[in-house]
Amino acid sequence: MDTNAALQNEFGPAALRGLVEYGPFDTELGLELGLSLWLHRSATGLEDARRAMLELRSVILAVSGLDSRSEPFPLIGRQVELDLVNLANYLGSLVSRAAEHCECAPEVVVERAIAQL
């Protein structure tokens, strides 16, 4: 599965909706369980998911009008599993900042981003 497919199938939408619906996660374990569920249901591999989450960042920035130059870029390391957890935390925060910037609910930002996938 490629990144485009990972965004368009269930993973991208499920991850974004899950981050808003269930987040902020109280523990890293809760976030890991959510990621595991979204990956499994969408049959998305770890590398494709990591690339998809980075692309979700771009889509959220575009639909919200946030300045990508002033928005921090998440660090990517050598452990894909850890990267996914860090990216999920980052995306959850990004959706909150985007919603505040747009003066709307986080769910609105998520649905706008999903519509762009």
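The first residue in the sequence is number 1, and the count goes up from there. All values derive from a computational prediction rather than experimental measurement.
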As an exercise, state the distance from [atom1] of [X] to [atom2] of [Y], rounded to the nearest 0.5 Å.
{"X": "T44", "Y": "M53", "atom1": "OG1", "atom2": "CE", "result": "11.0 Å"}
{"X": "F11", "Y": "L56", "atom1": "CZ", "atom2": "CG", "result": "7.5 Å"}
{"X": "L84", "Y": "E47", "atom1": "CG", "atom2": "CD", "result": "8.5 Å"}
{"X": "L35", "Y": "L19", "atom1": "CG", "atom2": "CG", "result": "7.0 Å"}
{"X": "I60", "Y": "I114", "atom1": "CD1", "atom2": "CD1", "result": "9.0 Å"}

Exercise. Does V108 share a hydrophobic cluster with V20, counting links as ILVMFWY side-chain heavy atoms below 4.5 Å and allowing steps through other members?
Worked result: no
Closest approach of [X] and [Y], non-hydrogen atoms and distance?
{"X": "A105", "Y": "A99", "result": "C-CB, 3.8 Å"}
{"X": "A88", "Y": "L31", "result": "CB-CD1, 3.7 Å"}
{"X": "A98", "Y": "L66", "result": "CA-CD1, 3.7 Å"}

Problem set entry | side-chain hydrogen bond (donor to acceptor under 3.5 Å, both in side chains) partners of residues 29-39, not counting sequence neighbours, each pair once | none
My understanding is that only residues two or more places apart in sequence, or in another chain, count here; which of them pass salt bridge (charged side-chain N to carboxylate O under 4.0 Å, His left out) with [X]?
{"X": "R17", "answer": "E111"}
{"X": "R78", "answer": "none"}
{"X": "E107", "answer": "none"}
{"X": "R57", "answer": "none"}

Exercise. With a 4.5 Å heavy-atom cut-off, do V109 and L16 have their side chains touching?
Worked result: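 When only atoms from C-beta onward are counted, L16 and V109 do not touch, as no gap falls below 4.5 Å.
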Problem set entry | salt bridge (Lys or Arg N to Asp or Glu O under 4.0 Å) pairs, two or more places apart, involving residues 35-46 | none
Hey, can you pull the donor-acceptor pairs under 3.5 Å for the side chains in residues 67-76, sequence neighbours left out?
unit_1: D67; atom_1: OD1; unit_2: R69; atom_2: N; d: 3.0
unit_1: D67; atom_1: OD1; unit_2: R69; atom_2: NE; d: 3.2
unit_1: D67; atom_1: OD2; unit_2: R69; atom_2: NH2; d: 3.3
unit_1: S70; atom_1: OG; unit_2: D67; atom_2: O; d: 3.1
unit_1: E71; atom_1: OE1; unit_2: R97; atom_2: NE; d: 3.3
unit_1: E71; atom_1: OE2; unit_2: Y90; atom_2: OH; d: 3.1
unit_1: E71; atom_1: OE2; unit_2: R97; atom_2: NE; d: 3.3
unit_1: E71; atom_1: OE2; unit_2: R97; atom_2: NH2; d: 2.3

Exercise. Can you name the residues that form a side-chain contact (heavy atoms from CB on, under 4.5 Å) with C102, not counting sequence neighbours?
Worked result: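 In terms of side-chain contact (heavy atoms from CB on, under 4.5 Å), with neighbours along the sequence ignored, C102 is linked to S64, C104, R112.
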Exercise. Under the side-chain contact (heavy atoms from CB on, under 4.5 Å) test, which residues partner N86, sequence neighbours left out?
Worked result: L82
For this session: Mind checking side chain to side chain donor-acceptor pair (under 3.5 Å) for D83 and listing every partner two or more places apart, or none if nothing turns up?
Result: R50
Exercise. In the hydrophobic clustering (ILVMFWY, side-chain contacts below 4.5 Å, transitive), which residues join L33, or is it alone?
Worked result: L29
